[in-house]
Amino acid sequence: MVKLAVNGGEPVAKDLSRMIPRWPLLDEDDVKVVVEAIKGGHWCRLYPGSYAERFEAEFAKYHDAKYGIAVANGTVSLELALKTLGVGLNLGDEVIVPAYTFIATASAVTEVGAIPVFADVDPKTGNIDPKDVEGRITERTRAIITVHFGGYPADMDALTSIAKKHGLYLIEDAAHAHGSEWRGRKVGAIGDMGSFSFQESKSLTAGEGGIVLTNSDELAERARLIHNIGRVIGQPGYIHYILSSNYRLSEIQAALLLSRLGKLPSEVKVKNENGKVLADMIKRTGVVEPTGNDDRVTVRGYYYFVMLYKPEELNNIPKEVFIEALRAEGVPVGVSYGPPLYKQPAFKRENLVKSIPKYILDRMPNYERLNLPGAEEFARRELVLPHYLLLAPREAFELVVAAIEKIKEHVDELQQSVNRLKVSDATIDTTYHR
Ligand SMILES: Cc1ncc(COP(=O)(O)O)c(C=O)c1O
């Protein structure tokens, strides 16, 4: 008799881990470029024609942006974007951010001395809900940060028009969205400033790294100055025009990024095509629903393949138990971040007092009271697969579907095991499992 793997049966997708490429990807020519960079003797970007300079130009070009400023990670890139726009210079400055995202989207706001205001997200995509954004604008709002959740572009038409109407800056946190397109335009260069991460799990990576993009000459110049402790790159001597920090990216990472960037467009193409194939296959199971059907999204770069769990189609088996059962069958599934951000311990008053100056804290909302329906529903239903699964051959997708179908067929057996199956951590392992 066939048994669920979670109960000791044979995992139906046991060959999946062999089919999914090991992340991060690395070719011999990447190694060659990195070795060249090391042997070149310039490990910091402060020389003409640096790898960082070349990477900035190439990455900006790929994303249809005029300028790029490479930095140490995708958290400080958000901080750099906010500082460049002057957010946080006035006491009480507010920035509207999505309630469901990685914490850096909100912590970057507090790091520059401003106040994050959570807007609800669309429960179908996890992207910020433009209507909810508009209702949260006050005379202190300076900017909106949108995340393209999982690589699925947010509604840039609505957000651009709201930002314009209210005189606000629009920042794109595109940490998930390398190569994604909104109506034929790459995201990250549609708003005033865009921010990307090159952390190990991301579609383009050097272990750590980040970049800000902009089309504005003035903002690019200011960002470059801020990222280099107020010093003009290329200008001799120690003249600092502004008090700031050091956000620079190392040359070794820049060399690796430059090499990997050459392969990104073809990887995005494959993931975009395979994402559609997998979505069609998964939809037919009826148990999970792939997200996103907006025609204005012309390319999905993918960080996560996001799905919504439908427990009502599976005897109301809790999501965590479904995850455990699927993992046992060999599918690297999980949740992205868990609860909405306002439920993080960091947003409890008792912890805010440890990180936020009192004069700012006094102006902050009580985050503990928030309960945003879209974010709550998305958190309840969201399931994700890692993006590099989409680089696997199609047979891999058949195994994912076979695992879901197997669980569906054996739902009674799973029901009997529910109380035994305690899930310690449902979070996806973005750097994989072999
Ligand atoms: C939406 C989002 N913003 C910002 C970041 C921060 O990037 P980093 O990890 O490079 O600091 C991440 C990283 O996971 C992210 O997912």
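Indexing begins at 1, ligand by ligand and atom by atom, following the structure's order.
Between Tyr303 and ligand 1, not a single N/O pair is under 3.5 Å apart.
For atom 3 (N) of ligand 1, the nearest protein heavy atom (residue, atom name, distance) is Asp173 OD2, 2.7 Å. If you check which protein heavy atom lies closest to atom 12 (C) of ligand 1, you get Phe102 CD2, 3.3 Å. In this structure, the protein non-hydrogen atom closest to atom 8 (P) of ligand 1 is Gly74 N, 3.4 Å.
Taking a cut-off of under 4.0 Å to the non-hydrogen atoms of Thr75, the atoms of ligand 1 that pass are 6 (C), 7 (O), 8 (P), 11 (O). Near Thr101, meaning under 4.0 Å from any of its heavy atoms, are these atoms of ligand 1: 1 (C). Residue contact check: Tyr337 has heavy atoms under 4.0 Å from atoms 16 (O) of ligand 1.
Checked by atom type, the side-chain pair Ser203/Lys271 shows a donor-acceptor distance below 3.5 Å. A donor and an acceptor atom, one from each side chain of Asn366 and Arg349, are nowhere located under 3.5 Å apart. Side chain to side chain, Gln199 and Ser201 meet the donor-acceptor criterion of an N or O pair below 3.5 Å.
Using a non-hydrogen distance threshold of 4.0 Å, Phe196 does not register as a contact of ligand 1.
Annotation: side chain of Val288 is in contact with side chain of Leu383 (closest heavy-atom distance under 4.5 Å). Between His148 and Ser180 the shortest side-chain heavy-atom distance does not fall below 4.5 Å.
Tested against Glu56, the residues Lys61, Arg224, Arg45 include a single side chain to side chain donor-acceptor pair (under 3.5 Å) partner, Arg45.
Contacts between Asn73 and ligand 1, counted as non-hydrogen atom pairs separated by less than 4.0 Å, involve both the backbone and the side chain.
A cation-pi arrangement, defined by a distance under 6.0 Å to the six-membered ring centre and an angle within 45 degrees of its axis, is present between Lys186 and Tyr62.
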Output side-chain donor-acceptor pairs under 3.5 Å for residues 46-54, partner residues at least two apart or in another chain, one line each.
from  : atom 1 : to     : atom 2 : distance (Å)
Tyr47 : OH     : Glu251 : OE1    : 2.5
Ser50 : OG     : Glu53  : N      : 3.0
Glu53 : OE2    : Gly49  : N      : 3.4

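The option with the heavy atom closest to atom 15 (C) of ligand 1, from among Ala108, Ser107, Ala106, Ala175, is Ala175. Comparing His148, Gln199, Lys202 against atom 13 (C) of ligand 1, the shortest heavy-atom distance belongs to Lys202.
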